[in-house]
Amino acid sequence: MIDLTTMLGPLALRSPLVAASGTVGSVVDFVEVGALEAYGAAVAKSVSAEPWEGLAAPRLAPVGAGMLNGIGIQNPGIEGWVRRYGPHLREVPVPVWGSAVGRSVAEYRRVARGLAEAGVEAVEVNLSCPNLEEGAMFALDPEASAAAVAAIAEEVDVPVGAKLSPNAADIVAVAAAVVEAGADWLVLTNTVWGAGIDVEGERPLLSGGVGGYSGPPLKPIALRCVLEVHAALPEVPIIGCGGVCSGRDAAEYLMAGATAVGLGTVHFAEPRAGRRILRELEALCRRKAVTGVRDLVGTVQPW
Ligand SMILES: Cc1cc2nc3c(=O)[nH]c(=O)nc-3n(C[C@H](O)[C@H](O)[C@H](O)COP(=O)(O)O)c2cc1C
């Protein structure tokens, strides 16, 4: 038997796979279509303080081996979310984490409080949101990111993770700032900015022009972030996330220093992908003659 359990800071996970925010709905909606028993946790779609309508169609476009999305974080706002999903969180066969997004530190705080009161087991801080006070995305700026994380860590009693962006010029600086501010782990990473053009229609593929690019082409970029952050901050727990489609992809993130691995875009083509990927990871551990996934963590050797 391969030991699939892992630790993510204060959290013990039964599996190293984490269903990534925005790709499994509220998690509650995913129970019937997904294979939630394969995950250590599943993260609900990000929620803001007030309801957000999201952007107009088109909001999703396959591009090359990946996917562009410009959803605009459509969500019912924290009060609507708590009413709709709060009563069902305990019925879900996997720990559910909430994801907070905001356009100010006060909004992040309010959302996190609502999520925690609804009973989520952890709060992920989605820092890929424009800061109305400063203009730029929180995740680009170590100080703004730290302010959002510090407010949430102060507000809630559950563990807090910070989800960073590969668009940050210096992701190690952002990582160090949010850890100092109280993040218990990092998610590396969210989508990378991208765009596509409809040559016949003479318009961008997304109504918003630029959106988030995810799937297999993101993997080398997110892996680079994991390697850099793990080298600079070796004690900090990391969820590696970007383009994971196989057990081998998951192993790459673990070997780079992550202790857990996020699955996102793969769910759109294969909602039960977690089950297959976990089996593949187990088989890979057997081939490598290790007794558990934890034995893979940080095992990559320098040339
Ligand atoms: C359609 C879509 C919606 C997403 N929505 C969110 C979101 O609400 N909050 C968030 O933190 N990340 C969101 N993400 C980012 C994913 O959680 C993940 O970090 C990213 O897609 C990279 O992983 P992947 O290549 O496995 O998809 C979304 C991704 C996609 C494709």
Side-chain angles (χ1 to χ4, degrees), residues 17-27 29-30 39 41-48 52 54-55 57-78 81 97-102 108 111-112 115 122-129 137-139 145 148-149 152 160-167 171 185-194 205-206 208 211-226 238-246 249-250 252-253 258 260-271 273-274 277:
L17 304 184
V18 173
S21 177
T23 70
V24 291
S26 63
V27 187
D29 320 303
F30 204 68
Y39 301 83
V43 193
K45 169 94 191 149
S46 295
V47 191
S48 52
W52 287 355
L55 297 173
R59 313 198 293 181
L60 283 178
V63 173
M67 188 165 81
L68 271 177
N69 91 80
I71 310 276
I73 316 190
Q74 181 182 5
N75 78 88
I78 188 61
W81 191 92
W97 300 350
S99 170
V101 73
Y108 272 108
V111 174
L115 290 170
V123 172
E124 205 171 86
V125 191
N126 174 5
L127 293 161
S128 295
C129 185
M137 196 162 93
F138 276 86
S145 295
V149 170
I152 290 183
V160 173
K163 185 163 181 178
L164 306 194
S165 166
N167 300 313
I171 198 153
W185 67 88
L186 305 172
V187 187
L188 301 173
T189 65
N190 212 314
T191 54
V192 68
W193 282 324
L205 292 179
L206 298 176
Y213 195 41
S214 64
L218 179 59
K219 192 179 72 174
I221 300 168
L223 261 173
R224 181 267 299 170
C225 295
V226 173
I238 295 171
I239 302 180
C241 182
V244 175
C245 297
S246 67
D249 294 333
E252 286 190 53
Y253 279 104
V261 180
L263 305 187
T265 302
V266 70
H267 291 129
F268 290 90
E270 189 189 351
I277 291 172

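Ligands are counted one by one from 1 in listed order, and the atoms in each one are counted from 1 as well.
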Among protein heavy atoms, which lies nearest [atom], and at what distance?
atom: atom 30 (C) of ligand 1; result: Asn69 ND2, 3.4 Å
atom: atom 23 (O) of ligand 1; result: Cys241 SG, 3.4 Å
atom: atom 25 (O) of ligand 1; result: Gly243 N, 2.7 Å
atom: atom 26 (O) of ligand 1; result: Gly264 N, 3.0 Å
atom: atom 21 (O) of ligand 1; result: Ser214 CB, 3.3 Å
atom: atom 13 (C) of ligand 1; result: Ser21 O, 3.0 Å
atom: atom 5 (N) of ligand 1; result: Lys45 NZ, 3.2 Å
atom: atom 9 (N) of ligand 1; result: Ser46 OG, 2.7 Å

Mark up the atoms of ligand 1 that fall under 4.0 Å of a heavy atom belonging to [X], in ascending order.
X: Asn126; value: 9 (N), 10 (C), 11 (O)
X: Phe268; value: 1 (C)
X: Met67; value: 31 (C)
X: Ala20; value: 17 (O)
X: Thr265; value: 24 (P), 25 (O), 26 (O), 27 (O), 31 (C)
X: Thr191; value: 20 (C), 21 (O)

Mind checking what makes side chain to side chain donor-acceptor pair (under 3.5 Å) contact with Tyr39, not counting sequence neighbours?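 Only His267 meet the side chain to side chain donor-acceptor pair (under 3.5 Å) criterion with Tyr39.
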
Apply the side-chain contact (heavy atoms from CB on, under 4.5 Å) test between Leu164 and each candidate in Leu188, Ile238, Asn126, Val125; give the one that qualifies.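 That would be Leu188.
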
Could you give the distance from [atom1] ([X]) to [atom2] ([Y]), rounded to the nearest 0.5 Å?
X: Leu68; Y: Arg59; atom1: CG; atom2: CZ; value: 14.5 Å
X: Ile277; Y: Asp249; atom1: CD1; atom2: CG; value: 7.5 Å
X: Ile73; Y: Leu55; atom1: CD1; atom2: CG; value: 9.5 Å
X: Thr191; Y: Tyr213; atom1: OG1; atom2: OH; value: 12.0 Å
X: Asn190; Y: Leu218; atom1: CG; atom2: CG; value: 9.0 Å

Using the side chain to side chain donor-acceptor pair (under 3.5 Å) definition, which of the options Ser99, Ser46, Ser48 pairs with Asn75?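 The passing option is Ser48.
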
Taking heavy atoms and a distance under 4.0 Å, where does [X] meet ligand 1: side chain, backbone, both or neither?
X: Leu218; result: side chain
X: Lys219; result: neither
X: Thr189; result: backbone

For the pair Trp97 and Trp185, name the ring-plane relationship: parallel under 30°, tilted 30 to 60°, perpendicular over 60°.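 Judged by the thresholds at 30° and 60°, the geometry between Trp97 and Trp185 is tilted.
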
Assess the residue pair Arg224 and Ile171 against the criterion (side-chain contact (heavy atoms from CB on, under 4.5 Å)); give the C-alpha distance rounded to whole Å, side-chain angles, the decisive distance to 0.1 Å, and a yes or no. CA-CA 10 Å; Arg224 181 267 299 170; Ile171 198 153; 4.2 Å; yes

Min N/O separation Gly215 to ligand 1 under 3.5 Å: yes

Is Thr23 in polar range of ligand 1, meaning some N or O pair under 3.5 Å apart?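 Between Thr23 and ligand 1 (N or O atoms, distance only) the closest approach is not under 3.5 Å.
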
Donor-acceptor pair, Ser145 side chain versus Phe138 backbone, under 3.5 Å? yes

